Amino acid sequence: MAASSQIAETLKQLKSARLIVLTDPNAYLQILPGILPMVGAGAALDLRRWGSDFIAEAFASPAVPFDIKQKLVTSVLPVLKGYFETPDEDTGVIKTAVQTAASVYQFAFRYTINNPLDSQTWQTMSAIKSSILSRVDVVPSGVRICCIKFLQVVVLAQTPGVISDPRVPSRNEVSLSLVPRDHPLIPPINLQAEATGFLDRLLGILQESTSDALLVTATLNSLGGLIRARPSVVNKIVNALLNFNPLKLMNAPMTPKNMVMIKSMWKTTKAVLNNVNARFPPTHPLHERIKAHNKELDNTITKAPAAGKKRAAPDTDEPTDGLDHAKRQRLGADVPEPPAAPPKDLTTGEVSYADLFTLTTNHALQNFDVTEHIPSPENLLRILLPVLLSIDKERMNSAVNTIRARYLALQERQRLERLQQALAAPASKAPVGDDDDEDYEPEYPSEDGKPAIEKTRDVSSADNVADGEVHALDHLGSSSLPFPGLLSRDESKKLNRGYVIKLFNQMEGLPVHGPQAESAGFNRLAGSEYDRESWITMIARIACRSTALDMKDPDVKSGFKRVLDRQSDDDDDALAAIREAMKLYVLQDFRSRLDVAIDWLHEEWLNDRREELIEVPNYSECLIALLDGMLPYYDVRDFKHLLRFLGEIPTVTMDVYERIKNLAKDPERVILATQSLTYICLYRPPSRSLGAHSLKKIFDDFPDAKGAARKALLKVWPQALESEQPPMIDNVAKKDVTA
Amino acid sequence: MSVDPRLAGRASKPPPPPPMESAPDSHTMDATSEETPQIPPPTDGGYKLKFCTVCASNNNRSMEAHLQLSAHYPVISFGTGSLVRLPGPSISQPNVYNFNTTSYNSMHDELASKDPGLYKRNGILAMLDRNRNVKYGPERFQDWPVGNPRMNDIQKTDRGWEGTEGGVVDIVITCEERCWDSVVDDLINRGAPLNRPVHVFNVEIKDNHEEALKGGQAILDLAARLNKAANEEREVQGSENWDAGNGKARGGFDERVPEILAEWQEKYPQLPALWTLSWF
C-alpha cells in the first residue's frame with residue numbers, strides 16, 4: 001500500500017512536470033534527465049509506462065527544438081536499451097519504446113556522424129536496433145507494426161537523400177548523404193546494404209501477410225513517407241504495390257472480420273497509390289499503370305458478390321405474386337412453363353452474333369452472359385470441355401446445319417439489301433470518269449464456296465450501277481467485298497492468255513542448262529532441274545499430255561489447228577493457247593531458240609507415238625507451223641541453221657519437203673533448198689528417196705533452179721539426170737523414220 | 001451519399017422527431033443502454049484512448065460526436081474541407097467561413113442577425129449554439145500540427161480537452177468517406193514523423209441533424225468497445241512476454257481492432273464503416 005501510494009504520489013509529480021514541458025518545450029533539457037532515473041528499467045510498471053510515453057512524446061513533439069532533442073539523445077538511449085533488456089517487459093512499454101527508438105534513430109545517427117570517435121552511443125543504438133530486429137517476427141502485431149515503422153525509419157536514414165543546403169548541415173534531413181565515406185563507425189556502404197535488406201523485408205510483408213490487415217495497412221501507410229522523401233526507391237516500392245493484391249482474402253470465408261479487412265486493405269492500397277500518383281506527372285510511365293491498377297481493383301471488388309454487403313440483395317425479378325421459377329421444379333407444383341421466347345427473326349432488323357447462334361427458346365438462357373457469370377477462361381474451359389464431349393452428335397449436327405442455313409439466308413438478305421441500296425443511290429452521286437473507279441478490285445472466288453454462276457446474273461445486272469454501288473457501300477460501312485461476277489468467254493480467254501504468258505515469262509533469268517545437265521548423260525531426267533530446258537519440257541508436256549484430254553479424240557488431235565483457225569472455232573482451250581505461245585516464243589528469236597523448238601517437237605512427237613498415233617498429227621501440225629513461221633526469214637546465211645533443224649527433228653514429213661522445195665521458187669534461196677535436200681538425202685538415209693524426189697521436182701519445175709538442182713542430183717541421185725524419166729517412188733517411202 | 005449541408009436550408013422545417021415509445025432505432029438504444037454505462041467516467045487512474053472526430057466542416061457530425069465522446073473521453077475534432085460552409089438562404093448562397101480563426105460564437109451571432117427565422121428553422125442556430133458550448137471554433141485537419149501541445153487558454157476550455165494536452169490521439173473517426181480519404185492522404189503526405197500509430201475509422205453518416213445524432217451515439221459505442229479492449233490489454237501486463245508473445249498476448253488491442261469493428265458493424269449495418277492503421 002505504501003509503495004502504491006508512493007507511486008501515485010510520484011506520478012502526480014511527474015504529471016505536473018509534464019505540464020511544465022508542454023507549456024515550455026525548452027524545459028525538457030532540464031527536466032528529462034531528472035526524470036529518466038525514476039522511470040528506467042527498474043522502476044514500477046506504472047512509472048515505466050508513464051516514462052516511456054513521456055520520452056516518446058519528447059522526441060516526437062514538433063514543438064521541441066531539434067537542438068534539444070539532439071542533446072538529449074545520449075542520455076535517453078541507455079534507458080531505452082534498458083527497457084528492451086528487461087525480461088517480461090510490459091507490451092505497452094515495449095511498444096512505446098520502439099516508437100521512441102524510431103524517433104531517436106535520426107538523432108543518434110546524426111550524433112554519430114558528428115562524433116565519429118564516440119563509439120558508445122552508436123553501440124547502444126545498434127543494440128537497440130538488433131533487439132528490435134531479432135524480435136520483429138515474434139512480438140504481438142500491435143508491437144510489430146511499430147517495429148515495421150522503425151524499419152522504415154532506418155531505411156529512410158540509410159538511403160541517400162537530398163542535401164538541401166550544404167552550408168547548414170544541421171538543417172538537412174538525416175540521410176546517408178550526410179555520412180562521410182570514411183566514417184569509422186558507420187561506413188555508408190554497409191548502411192546502404194542494410195537499408196536495402198530492410199526495404200525488401202518491408203515489401204515482403206505485403207506478399208506474406210495478406211490476411212493481417214493491421215500489418216498490411218500499417219506497412220502501406222508507412223511506405224508513403226519513403227516514397228515522398230526517397231526518389232531512388234520509388235520505382236521498387238511502386239512495383240511492389242502494383243504486385244500486391246489486397247483482395248487475396250476474398251477467397252477466404254466471408255466473415256464480417258474478413259470483410260472489414262478486405263475493405264480496409266483495398267482502400268488503403270488505393271489511397272497510397274493515389275497519393276503516389278499525385279506526385280507523378282501524367283507523362284510518367286507508372287502514372288497510367290497505377291490508374292489502370294486502381295480501376296481494376298475497383299472492378300474486382302464491385303463484381304465480388306459479398307463485397308461490401310453480407311448477402312446478395314434479393315433479386316428484384318423475383319415474382320412476389322406466385323411461385324419463384326427457380327423453386328418450381330423442387331416443389332413439383334403444376335405450373336405452366338414460362339412462355340417460350342422464339343429465336344429472333346433474322347429476316348428483318350439488326351442481327352447480332354448472339355441472335356445468329358441462339359437456338360434455345362428459353363428466355364433466361366438467351367440472356368445468359370458468359371463473360372459476366374464465368375469471368376475466368378479457365379473455369380469456362382473446365383465446363384465447356386466435358387459439355388462438348390457429352391453432346392449428342394446428331395443434335396450437334398442438326399444445330400450446326402440450322403445455323404449454317406441461317407447464315408446463308410442472312411448473307412443472301414444482306415446482299416439483296418446492298419443491291420437495293422446501291423440501286424437507290426442517286427446516279428448523280430457516282431463520279432463520272434473518275435480515275436479512282438479503276439481501283440484494283442481483285443476477283444476473288446466466292447467465299448461461301450457457292451458456285452459463282454448462281455450469283456452471276458444478279459451481279460451482272462448490277463454492273464450498270466457499279467459506280468453507284470461502290471459509294472452506296474461506303475454509306476453502309478460494310479467491310480465485305482462485292483461478290484465477283486462470272487467470267488465471260490472473252491475474259492476467260494484473256495485470262496488464259498495471261499497465264500500462258502506468265503508461264504513463259506517465268507523463264508526469264510533461268511539458266512539454259514542446270515549444273516548437272518551437262519554431266520548426267522543418258523541418266524538425265526527431263527524437267528528435273530530448274531533451268532530453261534526443264535521449264536520448256538514442262539510447258540511442252542502440259543500442252544501435249546494434259547490428262548483432261550483424250551488424245552484419240554480427233555478434235556483434240558487437231559488442237560493446234562484450232563488455235564490457228566480462230567474464226568471458225570471459238571472453243572479456244574488452254575492447250576492450243578500454250579502451243580501457240582510456244583510457237584511465238586520460238587519465232588521471236590528462232591536463231592537462238594532452235595534448241596527450244598527441237599525439244600518441243602521431240603516432246604510432241606514422243607507423245608504422239610506414246611499414244612500410238614502413227615500419223616503423229618500434233619507433231620506434224622507443230623512442225624509445219626514452226627517451219628512456216630521461220631522459212632520466210634531464212635536466207636542463204638541461215639543454211640546451217642536450217643540444216644541443223646532438219647537434222648534434229650524426229651521426223652521429216654512430206655509437208656516439210658514441200659515447203660523446202662518451194663524455197664527454190666526464190667532464185668536467191670535456191671541454194672538453200674537444194675543443199676538442205678542434199679543434206680537430208682546424205683545424212684538421213686531413210687528420207688533419201690523423198691529428198692531426192694524433191695530435188696528432182698525442183699529440177700523439173702523451176703527453170704531458174706535447174707543448175708543448182710542438177711548439181712545436187714548429181715551428188716545424190718545421178719540416175720535421175722541420165723534418164724529424164726525418174727523411177728517411181730514406192731509407197732512405203734512416203735515417210736521416213738527417225739534415224 | 002451524403003446530403004449537402006447547403007440543402008438543409010431548403011427544408012422548411014426539420015422532420016418531426018420519432019416517437020420515443022416505439023423505439024425507432026433499436027441499435028441506437030442498445031448502444032446506449034448496454035455499452036455506454038459500462039464505460040467508467042473519467043478519473044485520474046483509468047486509462048482512456050484519445051479520440052479525434054472529423055467531418056467536412058467541423059460543425060455538424062464531428063461536433064455531435066465530439067460532444068458525445070467528450071463526456072467520457074479525451075477528444076478533439078476537425079474538418080477536412082477547404083472552408084467552413086453552412087447553408088445559406090439558397091443553395092448558391094452558402095455562408096462561408098475560414099477554419100481555425102472563426103469562432104462558433106461569431107458565426108452564431110452573425111447568422112442570428114442576418115435572418116434569425118431562417119436559421120432557427122433549419123436548425124443552424126441550434127447547431128452553432130451547441131458547438132460554441134463544446135469548443136471555440138472549427139479547426140482544419142490539414143492544418144493541425146500533430147504533437148504540438150494543446151495548452152493554450154482557448155484549447156483548455158474545449159470539452160474533452162483533458163488528456164489531449166500532448167496534441168496526439170489514438171483514434172481518428174471520420175464521418176464521411178471523402179474525409180477519410182483526405183485524412184489518410186494527408187497523413188501520408190506528412191511523412192509520419194512522430195512514428196506513432198493511429199487507427200483511422202470512417203463511419204458514414206448523412207449530413208443532417210438526425211443522422212448526426214444517431215451517428216454520434218454509434219461512434220460513442222465504437223469508442224467504448226475500443227477503449228474496453230485497450231484497457232484489457234493493459235490489465236494483462238507482465239504476462240505477455242516480449243520475447244515469446246503467444247496466446248492472449250497475441251490478441252493485443254491493435255490486432256483486435258478489425259474484429260471489434262466487424263462486431264460493431266453487425267450492430268450498425270446502416271452506417272458503413274472503414275478502417276486503416278496510419279501513422280502520425
Side-chain angles (χ1 to χ4, degrees), chain A residues 18-19 22-23 25 45 49 56-57 60-63 84 86-92 94 99-100 102-103 135 138-143 145-146 149-150 152-153 212-214 217-218 220-222 224-225 227-229 255-261 263-264 267-268 271-272 274-275 278 308 310, chain B residues 44-45 145-151 165-168 177 180-181 184-185 187-197 200 202 233-234 236-246 249-259 261-263 265-266 269 272-280:
Chain A
R18 177 171 172 251
L19 288 180
L22 285 177
T23 322
L45 175 64
R49 279 180 171 169
E57 187 175 65
S61 171
F84 287 114
T86 307
D88 292 348
E89 184 53 283
D90 176 58
T91 313
I94 288 295
Q99 291 173 34
T100 315
S103 299
R135 288 153 182 174
V138 293
V139 288
S141 295
V143 185
I145 55 172
C146 295
K149 188 68 180 55
F150 177 78
Q152 183 256 327
V153 166
D212 191 341
L214 181 76
T217 56
L220 287 170
N221 281 312
S222 71
I227 294 170
R228 191 180 61 92
T255 61
K257 187 184 170 190
N258 275 352
M259 271 161 24
V260 165
M261 297 211 290
K263 202 173 168 193
S264 165
K267 284 289 290 181
T268 309
V272 175
N274 281 336
N275 184 282
K310 193 180 177 190
Chain B
D44 283 347
V146 184
N148 252 13
R150 294 173 69 85
M151 292 295 284
E165 311 88 358
V168 290
E177 194 162 316
W180 185 90
D181 289 338
V184 172
D185 193 56
L187 291 179
I188 294 173
N189 284 337
R190 289 175 190 237
L194 273 66
N195 301 304
R196 187 186 165 97
V200 184
N202 179 54
E233 186 194 35
R234 285 173 79 87
V236 288
Q237 49 90 10
S239 65
E240 295 156 283
N241 193 325
W242 155 239
D243 286 318
N246 54 26
R250 286 278 178 212
F253 164 67
D254 293 303
E255 56 243 73
R256 281 178 62 193
V257 166
E259 197 181 313
L261 182 62
E263 280 171 14
Q265 182 75 87
E266 293 272 280
L274 186 58
W275 156 82
T276 192
L277 187 119
S278 189
W279 298 90
F280 276 137

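Labels below follow one simple rule: chain letters A, B, ... track the order of the sequence lines, proteins then strands, and each chain is numbered from 1. Keep in mind it's a predicted model, so treat the numbers as computed, not measured.
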Does a donor on one side chain and an acceptor on the other come within less than 3.5 Å for [X] and [Y]?
| X | Y | answer |
| --- | --- | --- |
| B:N195 | A:S103 | yes |
| A:N275 | B:N189 | yes |
| A:S61 | B:N148 | no |

Side chain, backbone, both or neither: which part of [X] has a heavy atom under 4.5 Å from chain A?
| X | value |
| --- | --- |
| B:V146 | backbone |
| B:R150 | neither |
| B:E165 | both |

Original post:
At what distance, to the nearest 0.5 angstrom, does CD1 of A:I145 lie from CG of B:L277?
Top reply: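 Going from the CD1 atom of A:I145 to the CG atom of B:L277 covers 4.5 Å.
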**OP:** Give, for atom NZ of A:K263 and atom OG1 of B:T276, the distance between the pair rounded to the nearest 0.5 Å.
**Re:** 12.5 Å
Subject >> Sidechain N-carboxylate O distance under 4.0 Å for A:K257, B:E263 >> reply: no
Original post:
So, are A:D90 and B:R234 salt-bridged, with charged N and O less than 4.0 Å apart?
Top reply: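 Judged by the 4.0 Å cut-off on N to carboxylate O distance, A:D90 and B:R234 do not form a salt bridge.
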Original post:
Going through the checks in order, is the side chain to side chain contact (heavy atoms under 4.5 Å, CB included) test met by B:R190 and A:R228?
Top reply: CA-CA 9 Å; B:R190 289 175 190 237; A:R228 191 180 61 92; over 6 Å; no
Original post:
At their closest point, which heavy atom of A:A271 faces which heavy atom of B:V184, and how far apart are they?
Top reply: CB-CG1, 3.8 Å
Original post:
What closest approach, in Å, do A:M261 and B:P258 show between heavy atoms, and which atom pair accounts for it?
Top reply: CG-CB, 3.8 Å
Given side chains that start at C-beta, do those of [X] and [Y] come closer than 4.5 Å, heavy atoms only?
| X | Y | value |
| --- | --- | --- |
| A:P62 | B:P193 | no |
| B:L187 | A:N221 | no |
| B:W279 | A:Q152 | no |
| A:M259 | B:Q265 | no |
| A:L214 | B:W275 | yes |

Region of [X] in contact with chain B, defined by heavy-atom distances below 4.5 Å:
| X | answer |
| --- | --- |
| A:L19 | both |
| A:Q99 | both |
| A:A229 | neither |

